[in-house]
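A short worksheet on the structure shown next.
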Amino acid sequence: MEDNENTNQNDNNMMTDICENPSPNEKRSSPRIEKLKAQKHQQQTPVNNSNKKKKTMILSKSPHKVEESRNGVENNDVNMTVCEEQQVEESRNGVENKEILKVCEEKKAAVEESVKRMEKRIFDVSKRQKVEEGEEKLQMKAEFVENEMTEDEKRAYAVVTEALRTFYKYYLHAVQEEETRCGKTDALQKNMKSSKPKKGEALDVDVKKGARRPDLKALTKMRETNTILYPNKIGSIPGIEVGKQFFSRAEMVAVGFNSHWLNGIDCITHEDSEGSSGYNLPIAVVIVMSGQYEDDLDNSEDVVYTGQGGNKLCGNRRQFRDQVLEKGNLGLKNSMEQCVPVRVVRGHECKSSYVGKVYTYDGLYKVVKYWSEKGVSGFNVFKFQLKRLEGQPLLTTDQVQFAGGQVPKSVSDLRGLVCEDISDGQENVPIPATNLVDDPPFAPTGFAYCNSIQVSEPVKLPVKSLGCNCSGNCAYSKTCSCATLNGSNLPYVHRDGGRLIEPKAVVYECGPNCGCGPGCVNRISQRGIKYRLEVYRTPKKGWAVRSWDYIPSGAPVCEYIGKLMKTDDVDAIPENNYIFDIDCLQTMKGLDGRERRLGGMCIPSSENDDDKDSVPEFCLDAGPTGNVARFINHSCQPNLFVQCVLSTHHDIKQARVVLFAADNIPPMKELTYDYGYALNSVVGPDGTIKQLLCYCGAAVCRKRLF
DNA sequence: TATTATCAGAGGTAT
DNA sequence: ACCTCTGATAATACG
């Protein structure tokens, strides 16, 4: 199938007939097994591996495809092709199909509207891409995409993000349950090995009955709370762009991209589903190709997908009977006949980071033909050829794997390097700076790097708080006095090196007077930077920060380091954009501004009420001295959030300010947080309201100006 | 340390 | 009861 150079001709002459194809394709099985087989097979026939054993394969990778799809962008009736071709064919097939044809007509508009809406955006972006040629502009692409979103699209994007955060929250809660119940935490394991098993507690740990799938638990929770987005949607999903990365199948279910975390082919089966009336059901709306195609994904606009069924899923995973034209197979056939666009998701193995697998939305495809053929085990399997709709963003390896461009392997292959490590060895990982914008390029200057808080003269530090009496580390939230301050549970889970389960008004960590050691899970934010961050120059926003690593939601990124000052003293300084007000108290009271990023947190009522209307008493000035956090830009749709943390003392007015990941952040994506200043809150000396343009792309700019 | 085997897991449909 | 096959861990092979 690899040598399919006549793909285009086939388009004009599609046949829906089922033909016997003697090519030795075989059963559907797990990616691992398939991979192994593919490798073995390749060893046997190293040159011509035309009879692939993969579930899906790339049919055409020829360069002219690229040109074609570029041209398609400017072609107004580009998305007529699906239905037009179909109609021609239907009329050939005769009277019996007239009904389907009619349905097709009726549905055409709705489907095309969805496709066109997307393509309109693609058109705009593509135009930009043409203008902005050159490698160094790649990083700007993502920004353009965000900037050119309409208000509706921004809203849709925010809705999707919100749903995902809900999912992360439930997920991490389930992880904590799992860690507690199963006793699989590092702490517990150590305890059980080294010291005597804690009486009572360690004994009721049920290792076998633990919730092993927090992702599924989270999904169930979302179903219960009715927070799953867009069930059974046809075509593109608002707020989810081509190239969107997901980190598990469950995540995709949470936003309604898929309806089940396990199915490769997802169908709409019920009449009452949104937009499904009039269709001959079931119709397939999304397929997932789980696989190993990182290298051959470029321009893989044609695909052959193996149907479902006839597999022994437990045991040897062999094909043991013929596939039948039912369920997903029938759905794909129906989708072909009724011009239903199919979302295509590809799974990529990703061993370089904590995420084992990444799923990428690769756009809408049309089913162009299907057939059945004998598999290796001697049973019939169905094959579906899908062709990518034109006018969508090009598929490239970069795009599939890393939205913002290629991830550098080391500092040495960084382009535009202006500084190898702005922290000058102070951080665990070097933080390089690059500048591909200015000519001649320059490095960030005018500040001294420092990774611990400096205290200005008039500021008095509060007395250190008493710590907990734990030893080793604080796995037992019931006995740790620090954990108790956070509620009944620890704020963090152990997974992925420690993740904050959800934003809280304040996080009480263990501190210098605690009995626990540095390995304690309740000291997550005290361990310095652990992701490979890069400071880079942007055309419009000055310096910015991104990560080369995946950052899981709830993971600590960095603390906001600067000089701890009294706010009154700072207001005298005219131009300083590096002031961070420590306004936890104001935030907790629900005042304007930063409360937005904290969502629906609960506010403790114990704080003194007379502070309600006060301004923040202290702030952090990262102007003259600070850490990498001073380069992180504002966004009204940020992927980090600000978390007040108390560790050495319990005075909230001087809380530490730590930035945590709000989303699962893919490499090379700019890190941003919400500066949180109320719109029109800054008034100039002449009494006019000062404004500074926000380039985050969101509708409302609330960036602070001095 | 890297690869392979194992198995539970949930929601829909079929029996 | 069956179908869907993922995600995490246990077990094994490997160097």
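Predicted model, so just to flag it, every value in this text is computed and none were measured.
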Handout entry: B:dG12: pairing nucleotide in any strand, Watson-Crick or G-U under 3.5 angstrom
Key =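 Checking every strand shown, B:dG12 finds its partner in C:dC2, with both distances under 3.5 Å.
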
Counting only side-chain heavy atoms from C-beta out, which of [options] sits nearest to [X]?
X: A:H260; options: C:dC3, B:dG11, C:dG7; result: B:dG11
X: A:R213; options: B:dA10, C:dT4, C:dG7; result: C:dG7
X: A:R321; options: C:dT4, C:dG7, C:dC3; result: C:dC3
X: A:R495; options: B:dA10, C:dT6, C:dA8; result: C:dA8
X: A:T220; options: C:dT4, C:dG7, B:dA10; result: B:dA10
X: A:L262; options: C:dG7, C:dC5, C:dC3; result: C:dC5
X: A:H270; options: C:dT6, B:dG9, B:dT13; result: B:dT13
X: A:E178; options: C:dT9, C:dC3, C:dT6; result: C:dT9

Handout entry: Main-chain N/O of A:P667 paired with A:S547 side-chain donor or acceptor, under 3.5 Å
Key =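 No, the answer is negative, given that no donor and acceptor are paired below the 3.5 Å cut-off.
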
Specify the separation, in whole Å, of atom [atom1] of [X] and atom [atom2] of [N].
X: A:D266; N: B:dT13; atom1: CG; atom2: P; result: 11 Å
X: A:Q308; N: C:dC5; atom1: CD; atom2: C1'; result: 11 Å
X: A:K327; N: B:dT15; atom1: NZ; atom2: C1'; result: 12 Å
X: A:I265; N: B:dG11; atom1: CD1; atom2: P; result: 21 Å

Handout entry: Pairing of A:R165 and A:D663 as salt bridge, 4.0 angstrom limit
Key =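 The answer is yes: the pair qualifies as a salt bridge.
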
Need one value for [X]: base, sugar-phosphate or nothing, where a base atom within 4.0 Å counts as base even if backbone is also close, heavy atoms only.
X: A:S248; answer: sugar-phosphate
X: A:Y171; answer: sugar-phosphate
X: A:F247; answer: nothing

Practice task
Check whether any side-chain nitrogen or oxygen of A:K217 sits under 4.0 Å from OP1 or OP2 of B:dA10, and answer yes or no.
Solution key: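 Looking at the OP1 and OP2 atoms of B:dA10, one of them is under 4.0 Å from a side-chain N or O of A:K217.
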
Exercise for the section: Evaluate whether atom NZ of A:K221 has more than 12 neighbouring non-hydrogen atoms of other residues, nucleotides or ligands under 6.0 angstrom away. Expected result: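 Check fails, neighbour count at 12 or below.
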
Practice task
Kindly confirm or rule out a cation-pi arrangement of A:R343 over A:Y361, judged by NZ or CZ under 6.0 Å from the six-membered ring centre and within 45° of its axis?
Solution key: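 Not satisfied by the 6.0 Å and 45° rule.
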
Exercise for the section: Report the residue from A:Y550, A:F167, A:F247, A:F246 that forms a side-chain contact (heavy atoms from CB on, under 4.5 Å) with A:N664. Expected result: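 Exactly one pass, corresponding to A:F247.
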
